[in-house]
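Report on the following structure.
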Number of protein chains: 2
Amino acid sequence: MKRKITLKQIARELDVSISTVSKALRNSEEISADTIEKVQAFAKLYNYKPNNIALSLKNRRTKKIGVIIPEIVHHFFSNVIKGIEKVANKHGYNVIVALSNESFDKEVLNMEMLANGSIDGFILSISKETLMLKDYHHFRETINQGMPIVMFDRVVNEINCDKVIVDDFDGAKNAVKIMIDGGSKHIGIITTKDYVSVGSLRTNGYLSALQLSGITASDELVLKVEDGLDTEENSDKLYKTIQSLFDNNPQMDGVFAVNELFALIAMKVAHERGIKIPEQMQVIGFTNGVLSKYATPSLTTVSQHAQQIGEQSAYLLIERLEKDEDLEEDGWKTVIVKTDVVERDSTK
Amino acid sequence: MKRKITLKQIARELDVSISTVSKALRNSEEISADTIEKVQAFAKLYNYKPNNIALSLKNRRTKKIGVIIPEIVHHFFSNVIKGIEKVANKHGYNVIVALSNESFDKEVLNMEMLANGSIDGFILSISKETLMLKDYHHFRETINQGMPIVMFDRVVNEINCDKVIVDDFDGAKNAVKIMIDGGSKHIGIITTKDYVSVGSLRTNGYLSALQLSGITASDELVLKVEDGLDTEENSDKLYKTIQSLFDNNPQMDGVFAVNELFALIAMKVAHERGIKIPEQMQVIGFTNGVLSKYATPSLTTVSQHAQQIGEQSAYLLIERLEKDEDLEEDGWKTVIVKTDVVERDSTK
DNA sequence: GACATGACCGAAAACGTTTTCGTGTTGAAA
DNA sequence: TTTCAACACGAAAACGTTTTCGGTCATGTC
């Protein structure tokens, strides 16, 4: 098995020094035209590419950004990454993705693997388990060692760093308001446990919208889905949980779900029970993915502009990376990206 | 901004040599218990972690696997990655993901970025654009430079490497047979252009099933969707294309779609036209993701055992990586992972 | 007292780059 | 012939590790 060719090999082959080869390849003024041509021809022939590892070691920077996301399958994260890549590539950075699968251990592990030299900075969204455990030591350590972090979507106040978030509260409030305007009186919400920051923010937005319209909230109508139920294995349990929301609230005429999956299942349950959407029940989801568009009926959603979130995150990180090293430490920014409600056929 | 602590700094601080520190940290016999304790305590205090870049350079291996996939959002790829990670982690490897977004240029770019030192080997699924252009030079070059590649799902005969594929032909054949057994006489297929290998294999399976049952195939019933229509921006065009399949074939009573999205849209179109599923039309998709399960009605699919595909790919790659370098070159393996039909409510 | 034996530690090379500084060889000016 | 710049190139250090090969002691043995 052949190895990649190195400067040293080229040098030996052409009977010049390593330095000469290096300079020739970068068209240095110091090297004669003859030598430059000779070296470049040889390098091209053997398809020489500088070894990135050696370069990283020498420059103490990799020009790579590490992205850690909880789940790869959500359309939201996919678009965030698209946004990150767009900005990163424009600035000469590459993007590397690792997954936490919503697990604390994997998050820590993957961060350690990348932090020790593989990348220059992180863009990440915190896993559910981490949020539940409230153990943020790995973020602190990473930052302490001089590696910047930008958090998006699922952020946490306890850590000082740049952040990009969505106006979850207002987004939820607007969505619920639309349902109220459409005539819904008994609106249920399918959300996550409160430790997921965006979940609780959206829940509060929901409550606020109800209050503004003089509707008294009912605990019965609030379903906080336990963690781990949104995996393939536990899908039946999730299904039953949502069915019970319908069982407990026969008068329910609207559902606000904090993600696409929850909304889809709610529509499926409604369909099974002969509840007509949107006539007898309106449904709105959060996150504007493909599922919403192709659901039957198509789902009204709160769109998050995921790509924009990615772009903003990349900007913040690169700005910090390119800034003069030991300048002022603080001045962490938090960028808020607005949401829009995309109305489709699941609302009136 | 603090930098990560290095062996050299520890050595200076403790007034010993770098070698001593290195050995002490690895509990070498050569070092006295006193020194070991002193060094380890200091290292722990300052949270010393060896610099992976330096290690990679020295060892000429990174213990990292690079995965390149066309699209992050498909449940299929998500599960493949899960499988890869499972096996990789068990063998002490880490996994790094990069996206091609179905683009040839990004595929080449990302491979180059990872190939030059960042990883030990690739596991990848070829982008549609690459398949269309039939330009495989980047795969050849990578392999020539001694970096092994394992291809999965979308593979290509022109390249010699280990491969993991699905029995697309048989899977499609079985699926169509189920619809025929269920009474469908005019079965349409929504597939991709032929250069996507799995697309054409599935098309052939469909044709074979028809032939076996004495049904003559009709060109009208075969819809080969153009590339690029399955992105968010072009979703309307895709929609219209599928509508035209219905328009051209009013007698159609069955649809076989080569992916989840196509199947979902077909169901949506059927629903709009008042066609009852499965009574008046049966639908089967390929790939068993969440969408199928939660569609209304739930979708019968050909399940691909994505995780198993990932595991097999990782096994093949690691086996090759750990093998004695300059042993026999060839003997490329192709592993076939079987499919199963998961029957749900969209078939009788 | 000479010598071997361990115990403990350090110097240096190597991985592949880039870059700074130095050095030798020209040809021309003095 | 000497001197000096310009030109073309090489040596070496540095990035952070691991590992091989010695080296320096003190101790024990005869």
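Every chain is numbered from 1, with letters handed out A, B, ... down the list of sequences.
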Practice task
Would you mind checking if A:Glu102 and A:Arg154 are paired as a salt bridge, meaning a charged N to carboxylate O distance below 4.0 Å?
Solution key: yes

Handout entry: All salt bridge (Lys or Arg N to Asp or Glu O under 4.0 Å) counterparts of A:Arg61, not counting sequence neighbours
Key = A:Glu322

Show me, pair by pair, the donor-acceptor contacts under 3.5 angstrom made by side chains of residues 122-133 of chain B, not counting sequence neighbours?
{"unit_1": "B:Ser125", "atom_1": "OG", "unit_2": "B:Phe152", "atom_2": "O", "d": "3.2"}
{"unit_1": "B:Ser127", "atom_1": "OG", "unit_2": "B:Glu107", "atom_2": "OE1", "d": "3.4"}
{"unit_1": "B:Ser127", "atom_1": "OG", "unit_2": "B:Thr130", "atom_2": "N", "d": "3.2"}
{"unit_1": "B:Ser127", "atom_1": "OG", "unit_2": "B:Thr130", "atom_2": "OG1", "d": "2.8"}
{"unit_1": "B:Lys128", "atom_1": "NZ", "unit_2": "B:Asp230", "atom_2": "OD2", "d": "2.9"}
{"unit_1": "B:Glu129", "atom_1": "OE1", "unit_2": "B:Phe104", "atom_2": "N", "d": "2.7"}
{"unit_1": "B:Thr130", "atom_1": "OG1", "unit_2": "B:Glu107", "atom_2": "OE2", "d": "2.9"}

Completion exercise
Note: B:Leu114 and B:Gly66 closest approach over all heavy atoms is CD1-CA, 4.5 Å

Practice task
Look at B:Arg320 together with B:Asp162 and state whether they make a salt bridge at an N to O cut-off of under 4.0 Å.
Solution key: yes

Handout entry: Distance, rounded to the nearest Å, where B:Leu7 contributes CG and C:dG10 contributes C1'
Key = 14 Å

Handout entry: Near-strand residues of residues 39-48 of chain A, defined as heavy-atom separation under 4.0 angstrom from DNA chain D
Key = none

Completion exercise
Per the under-4.0 Å heavy-atom filter, residues of residues 52-63 of chain A near DNA chain C come out as A:Ala54, A:Leu55, A:Lys58

Fill in the blank from the handout: In terms of heavy-atom contacts, A:Ala88 and A:Val95 come closest through CB-CG2, 3.7 Å

Handout entry: Contacts of type salt bridge (Lys or Arg N to Asp or Glu O under 4.0 Å), residue A:Asp153, not counting sequence neighbours
Key = none

Output a table of donor-acceptor pairs, distance under 3.5 Å, between side-chain atoms of residues 8-16 of chain A and any protein atom two or more places apart or on a different chain; print 'none' if there are none.
none

Handout entry: Basic-acidic side-chain contact under 4.0 Å: B:Glu29, B:Lys23
Key = no

Problem - Check against salt bridge (Lys or Arg N to Asp or Glu O under 4.0 Å), A:Lys333 and A:Glu319 - result: CA-CA 11 Å; A:Lys333 292 183 194 157; A:Glu319 192 180 20; 3.3 Å; yes

Problem - Reported CD1-to-OG distance for the pair A:Ile119 and A:Ser56, which is rounded to 0.5 angstrom - result: 11.5 Å

Handout entry: Set of salt bridge (Lys or Arg N to Asp or Glu O under 4.0 Å) partners for B:Lys86, sequence neighbours left out
Key = B:Glu311

Between the protein and nucleotides 26-28 of chain C, which nitrogen or oxygen pairs come in under 3.5 angstrom?
none

Practice task
Tell me, please, which residues at least two apart from B:Asn27 pass side chain to side chain donor-acceptor pair (under 3.5 Å).
Solution key: B:Gln40

Handout entry: Nearest-0.5 Å distance that lies between atom CD1 in A:Ile96 and atom CG in B:Leu99
Key = 11.5 Å

Practice task
Using a 4.0 Å heavy-atom cut-off across all strands, classify A:Thr6 as base, sugar-phosphate, or nothing.
Solution key: sugar-phosphate

Practice task
Extract, from 5' to 3' on DNA chain D, the first and final nucleotides lying under 4.0 angstrom from some heavy atom of chain A.
Solution key: D:dA8 to D:dG16

Handout entry: DNA chain D contacts among residues 20-37 of chain A, heavy-atom distance under 4.0 Å
Key = A:Thr20, A:Lys23, A:Glu30, A:Ile31, A:Ser32, A:Thr35

Problem - By salt bridge (Lys or Arg N to Asp or Glu O under 4.0 Å) - contacts of B:Lys163 (at least two apart) - result: none

